[in-house]
S.K.: 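Below are the structure tokens for one structure; questions will follow.
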There are 2 protein chains.
Amino acid sequence: MKRMSSAERRSELIRAAVRVVGRDGVAAATTRAIVAEAGMSLASFHYAFQSRDEMMRDLIAYVVEEESNAAMQSLVVSGDIRSTIRDGLQAYLDLLVQEPAHELAMFELLHYTLRTPGMQDLAQQQYLNYHSSVTRVVEAGARTAGIEWTVPSVDIARMIVTVTDGVTFAWLADRDTDAAGRVLDFAADALAALAIPLNDTSFSSAPPVLPANAFKETHR
Amino acid sequence: MKRMSSAERRSELIRAAVRVVGRDGVAAATTRAIVAEAGMSLASFHYAFQSRDEMMRDLIAYVVEEESNAAMQSLVVSGDIRSTIRDGLQAYLDLLVQEPAHELAMFELLHYTLRTPGMQDLAQQQYLNYHSSVTRVVEAGARTAGIEWTVPSVDIARMIVTVTDGVTFAWLADRDTDAAGRVLDFAADALAALAIPLNDTSFSSAPPVLPANAFKETHR
DNA sequence: GTCTATAAGGAGATAGAC
DNA sequence: GTCTATCTCCTTATAGAC
């Protein structure tokens, strides 16, 4: 294989590992499977990384970063707050149905961090990241829809993550998309009940502007 | 080791495997680890089971059955429906905090079924079981609390499972018990809003009786 | 029925030629 | 820097003595 810097090689290996994990799962992501996917020799792996665990740490940091970015780039405001929430949740469900292996892989990676000694901190970081990303989306959504949350937005975010995680797990098991949709209906109603319209007559008139879109993938 | 019937040996191996999976995870539950836990020789394993996968199938059927039973045996009615729901959810959270490895193991087993070819049906069965167990609890709870659900009870059950799964995952990652409690507060409010009091003047007077307790573990 | 010993293969990691 | 060949360990599964 041609020469490349250690950094290049690490990045190519990580991207190969992401594909293997997404397709076949964490357990199948052996060093051999990863180098085969990347078209490298086995020795190159250990030239770039000291160990498989070191690579896994980097891989997890990489995907968490990627997902947090994805969460921010898609909130389509659809009139009232209830529709906005419901559409955002639906967009996540669509994503899940379209690429189930990806969501399953994210759960498996979390399990890996929870089971691997010395990596619990990474698991905590992973959810801290999700929750703060979704919090930002929730706050942007409130401004755009002209509402105010009656509970802290970080709690709203946690509820959204709770619902998407729960729906994901059940759907992965039973593939009942209609039932998942009914749960999202319920969640959207319940969350919208925590919003109150901003009294926008108290100031001039211009409704609070700000982001044009954010939401959709919710997280992960 | 002393002689025992094949059935006995299978059951002892499964119980040993449950302990290993609960303590160290699915990946650590090798045939060697299991027979060591059970105090048997490696050959005994393959005398009782044709393969490790066959044992895993039996193990999963065993724990699913166990959990479904557990769900039914604890609903403490605490006055109104909102408190009943909240207390049931809290009991589940207490269980999670007390024995996190157990809940993590249940998720890992579901992943195992989702990833193992020819076992997807088991995953479906697993959730069908949970949902129907919780449905029965939800219906019993309605009768005891004298309310009626405004949506099918199987949907109520699915929402409860969604919330407990989602809360479990986030808690396993960040161990934020207070935040988990706030999500459960919200869930209890939202679910209680789907109940309407039964007009118990329409019949004689005796409120619908029935079970003395069911709930608490919710599922799993 | 139950054991010890071993087969057969896959894993992570490394040595050493180029 | 990159490769092939190999080391060592651990896995599931089986053969064959008792």
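In what follows, chains are A, B, ... by sequence order, proteins preceding strands, each numbered from 1.
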S.K.: Could you state the CZ-C1' distance from Phe45(B) to dC3(C), rounded to the nearest angstrom?
M.R.: 17 Å
S.K.: Taking OP1 and OP2 of dA13(C), is either one under 4.0 Å from a side-chain nitrogen or oxygen of Arg32(A)?
M.R.: no
S.K.: Let me know the distance between CZ of Arg52(B) and P of dG9(C), rounded to the nearest Å.
M.R.: 20 Å
S.K.: Can you tell me if Ser44(B) touches the phosphate of dC3(C), counting only side-chain N or O atoms and a distance under 4.0 Å to OP1 or OP2?
M.R.: yes
S.K.: Decide whether Asp165(A) and Tyr127(A) meet the rule of one side-chain donor and one side-chain acceptor closer than 3.5 Å.
M.R.: yes
S.K.: Of Ala28(A) and Gln50(A), whose nearest nucleotide on DNA chain C comes first from the 5' end?
M.R.: Ala28(A)
S.K.: Measure from the ring center of Phe169(A) to the ring center of His111(B) and say whether it is less than 6.0 Å.
M.R.: yes
S.K.: Take Tyr47(B) and Ala33(A), find for each the nucleotide of DNA chain C with the closest heavy atom, and name the residue whose nucleotide sits nearer the 5' end.
M.R.: Tyr47(B)
S.K.: Would you mind checking if Glu54(A) and Arg10(A) are paired as a salt bridge, meaning a charged N to carboxylate O distance below 4.0 Å?
M.R.: yes
S.K.: Would you kindly give the CD1-to-C1' distance between Ile34(A) and dA11(C), to the nearest whole Å?
M.R.: 12 Å
S.K.: Send over the distance from Met55(B) CE to dT11(D) P, rounded to a whole Å.
M.R.: 13 Å
S.K.: Within the structure shown, what part of the strands sits under 4.0 Å from Ser51(B) by heavy-atom distance: base, sugar-phosphate, or nothing?
M.R.: sugar-phosphate
S.K.: Before accepting this row, confirm whether a basic side-chain N of the pair Asp24(A)/Arg19(A) lies closer than 4.0 Å to the acidic partner's carboxylate O.
M.R.: no
S.K.: Could you work out which one of dA15(D), dT11(D), dG12(C) sits closest to the side chain of Ala43(B)?
M.R.: dA15(D)
S.K.: Whole angstrom is fine here: how far is it from CZ in Phe49(B) over to P in dT2(C)?
M.R.: 14 Å
S.K.: Using whole Å, report how far NE2 of His46(B) lies from C1' of dT11(D).
M.R.: 10 Å
S.K.: OP1 or OP2 of dT2(D) less than 4.0 angstrom from a side-chain nitrogen or oxygen of Ser41(A), does that happen here?
M.R.: no
S.K.: Are Arg158(B) and Asp174(A) ion-paired here, with the side-chain N under 4.0 Å from a carboxylate O?
M.R.: yes
S.K.: Give the nucleotide from the list dT14(D), dA11(C), dT2(C) with an atom nearest to the side chain of Arg9(B).
M.R.: dT2(C)
S.K.: Could you tell me how far apart Met40(B) (CE) and dG1(C) (P) are, to the nearest whole angstrom?
M.R.: 13 Å
S.K.: Could you tell me the separation between the CG atom of Asp53(A) and the P atom of dA13(C), rounded to a whole number of Å?
M.R.: 7 Å
